[in-house]
Amino acid sequence: MLEGEALWQTVLGEIEVSVSRASYVTWFKNTQLLRHSDEEIVVGVPNIFAKQQLELKFNELISETLEKQGVNASNVAYKIHTPRVAKPQKNTNDSDQVSLVSTSNQKTTANEEIVNLNSQANSNTLRQGLNEKYTFDTFVAGSSNELAYAACQAISANPGTKYNPLFIYGGVGIGKTHLIQAVGNEVLKNNPNAKVVYITTEQFVQEFTDSIRYKKIGAFSQHYRSVDVLIIDDIQFIAGKEKTQEEFFHTFNVLHQANKQVILSSDQPPHLIPTLEDRLRSRFQMGMSIDMQTPEFETRCAIIKTKAENNSFDIEQDCIEFLANSFATNIRELEGALNQLMAYCDLRNCDPTLEVAKVVFAKLASRPKHITPKQIVEKVAKYYRIELEDIVGPKRDKDIVVPRQVAMYLLRTELKLSFPRIATELGRKDHTTAIHSVDKINKESNVDLILKQQLQEIKEGL
Ligand code: ADP
Ligand code: MG
C-alpha cells in the first residue's frame, strides 16, 4: 500500500483526470497529506476557501479515491497549512489562519490573490488595504471620468495641498474604488514611507466598534489621526452611525488641519446622504466633489480592449461592441462578462466572435423567471448546509451571514426584487442591510473566485 507523499500524488493524479482543469488547479494543486493513520487522514490545504470547497464539494471524491488505494478514508479532515513551495517569508503561524504575507513582487496564484484580497477585510497591515492591481495605468479615462481621473492624479503628485477632501460619488461599478486606490498606490510609489490607509466604511465602523468593546479607542484614534493619506470608501455607509460619525469628524479635523489628504467615495453626493450630521456634511463639501458618470460607449469599448489585451485575449471589434452595448451601466459587470467569455473560449478552444458572445450571453437572458423568492432562499440555505430558520433568523455568525448576503444578492439579480422586499424575505427590518449586502457580494464576487463559483453553482441549481 502506498503511503505519504506517494499515496497523495497518486490520489491527486486520479482526481486530476476526473475534475475540470480549473477545479483541479484551484482546489487540489497545493494540497498535501499531513497525517495518515487508521483513525484519520488529514489533508493540508492552502486556505480557508479550499478547505470549505473540499469539505463541501469534493469530500466524497477524495474518500472514494483514497479507498481505491486501499486506505480507510471514513474520516478525512482538512487543515489549513502553508504549502510546501518555499515562500519568501516563512509563515510559522500554524493556527487556522490564512497567511497575510504579501508577495508584492511575485506573480501570485489565483488562490493567493483571493487570500490577499480577503485578508484586507480583516487587517489593515497588508499594504494598508491597498490592492496593487488598481493603478492609474490600468484605468481607462474617458469623458465620464476624466475629471475624477485628473483630480486623483493631481492629488497623487501633491497630497494634502489641494482638493482636500476629495469626494467622489457615482453609481455602482463605475471605477470609484479603482481610482481612489490608484491614488494610494501612486503616493506610495512616489514615497514608500508615506502612511497611506485605505479602508472601507464598513470596516472602519467595525474597527471603531471593536475599539470601544476592547477599550482601545486611544489606539484606534491615534492610528487614523497619524496617516498622511486617508482613503475611505463608500462613506454613505456611515449614515445613521452616530458614534462613528463623531469619531470620524474629529479624525477628519485633525488630518485636515495638518494638511493630510482625505479621499472619500460615496454612491451619492454629500447633501443626499441620509442621516449624516450636518457638521460632517459640510466637511465633505469643503474640498472638491466630483460626480463620476458611467463610462460612455467608447470608454467601455476601450476598457474591454485593454483588459482583453492584458490577458493576451484576441477579441474582434464587433464582439467588443456587443459586450459594451449589453453591459452598459456597470463596469464590474462588463469585466465579469469579458471574463466569462474568456473562460468559455478557453474551455471550448474557440475564438471570441460575435456569434460566440451571443451564445454565451443568450443563456443568461433566457433564465426562466418563475422561481419564487422563497425557493431562492431555500436553495441558498441548502447549498451552504444551514437551516432555513437560521438564514432568516437573528444569528450573526459568519457562516450564516455570508449565505444570507448571497441570498439577498440573488433575490436582487435573479428576481429584481426591491430592497425593502429583499429585507423582508430574509427577516430583516432595515432595508439598508439589503443594499449593503447586495453591493458587498457584487464586489466580492469579482475578486473572490470561490464566491463567484459558488454563485454560479447556486444559479445553475435554481
Ligand atoms: P465602484 O467602486 O465605483 O463601485 P470599482 O472601482 O470597484 O467601482 O470598479 C469595478 C471594476 O471595474 C473594477 O474591477 C475596476 O478595475 C473596473 N473599472 C471601472 N472603471 C474602469 C476604467 N475606467 N478603466 C478600467 N477599469 C475600470
Ligand atoms: Mg467601490
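For ligands, and for the atoms within them, numbers begin at 1 and follow the listed sequence. The chain is numbered in sequence order, starting from 1.
No side-chain N or O of Tyr384 forms a donor-acceptor pair with one of Asp399 less than 3.5 Å apart.
Two residues are said to be in side-chain contact when any heavy atoms from C-beta on lie closer than 4.5 Å; Asn259 and Asn164 fail this criterion. Between Phe237 and Val205 there is no side-chain heavy-atom pair separated by less than 4.5 Å.
Cation-pi contact between Arg300 and Phe327: absent, since separation from the ring centre below 6.0 Å together with deviation from the ring axis within 45° is not met. Taking the ring centre of Phe419 as origin, the terminal cationic atom of Arg421 falls outside the region bounded by 6.0 Å and 45° from the ring axis.
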Do Phe248 and Phe208 pass the ring pair (Phe, Tyr, Trp, His ring centres under 6.0 Å) test, and can you show the C-alpha distance, the side-chain angles, and the key distance before you say yes or no?
CA-CA 10 Å; Phe248 183 61; Phe208 176 64; over 10 Å; no
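Only the side chain of Lys307 comes within 4.0 Å of ligand 1, judged by heavy-atom distances. Of all the heavy atoms of Met292, none lies under 4.0 Å from any atom of ligand 1, so neither backbone nor side chain is involved.
Contact between Gly171 and ligand 1 is present, with at least one heavy atom of the residue lying under 4.0 Å from the ligand. For the ligand labelled ligand 1, residue Pro295 lies outside the 4.0 Å heavy-atom shell. Under a 4.0 Å heavy-atom criterion, Tyr149 is not in contact with ligand 1. Ile174 counts as a contact of ligand 1, since one of its heavy atoms falls under 4.0 Å from the ligand.
The aromatic rings of Tyr134 and His178 sit tilted, their planes meeting at an angle between 30° and 60°. In this pair, Tyr24 and Phe28 present their aromatic rings parallel. The plane angle is below 30°, not in the 30 to 60° band.
Salt bridge absent: Lys195 and Asp228 never bring a charged side-chain N and a carboxylate O closer than 4.0 Å. The pair Glu444-Lys452 fails the salt-bridge criterion, with no side-chain N (NZ, NE, NH1 or NH2) lying under 4.0 Å from an Asp/Glu carboxylate O.
Remark: ligand 1 and His178 share an N or O pair separated by less than 3.5 Å (distance only, no angle test). Taking any N or O of Gly173, backbone or side chain, at least one lies under 3.5 Å from an N or O belonging to ligand 1. Polar contact check, Ile303 against ligand 1: no nitrogen or oxygen pair lies under 3.5 Å apart. At under 3.5 Å, not a single nitrogen or oxygen of Lys443, backbone or side chain, sits near a nitrogen or oxygen of ligand 1.
At least one donor-acceptor pair closer than 3.5 Å links the side chain of Thr424 to the backbone N or O of Pro420. Checking side-chain atoms of Asn145 against main-chain N and O of Met292 turns up no donor-acceptor pair under 3.5 Å.
Taking a cut-off of under 4.0 Å to the non-hydrogen atoms of Asn145, the atoms of ligand 1 that pass are 23 (N). Taking a cut-off of under 4.0 Å to the non-hydrogen atoms of Thr138, the atoms of ligand 1 that pass are 24 (N), 25 (C). Close approach of ligand 1 to Thr177 (heavy-atom distance below 4.0 Å) involves ligand atoms 1 (P), 2 (O), 6 (O), 7 (O).
Just one of Leu354, Asn325, Ile315, Leu338 meets the side-chain contact (heavy atoms from CB on, under 4.5 Å) condition when paired with Ile320; it is Ile315. Applying the side-chain contact (heavy atoms from CB on, under 4.5 Å) test between Ile231 and each of Leu166, Ile263, Val197 identifies Ile263 as the sole match.
Scanning Thr135, Asn330, Val140, Asp267 for the heavy atom closest to atom 23 (N) of ligand 1 points to Val140.
Among protein heavy atoms, the minimum distance from atom 8 (O) of ligand 1 is reached at Gly175 N, 3.0 Å. Nearest protein heavy-atom neighbour of atom 7 (O) of ligand 1: Arg332 NH2, 2.8 Å. The single protein non-hydrogen atom nearest to atom 14 (O) of ligand 1 is Glu335 OE1, 2.7 Å, given as residue, atom name and distance. With hydrogens left out, the protein atom closest to atom 12 (O) of ligand 1 is Ile331 CG2, 3.3 Å, a heavy atom.
The Mg ion (ligand 2) has Thr177 OG1 as protein N, O or S atoms under 2.8 Å away.
Within 6.0 Å of NZ on Lys443 lie more than 12 heavy atoms contributed by other residues, nucleotides or ligands.
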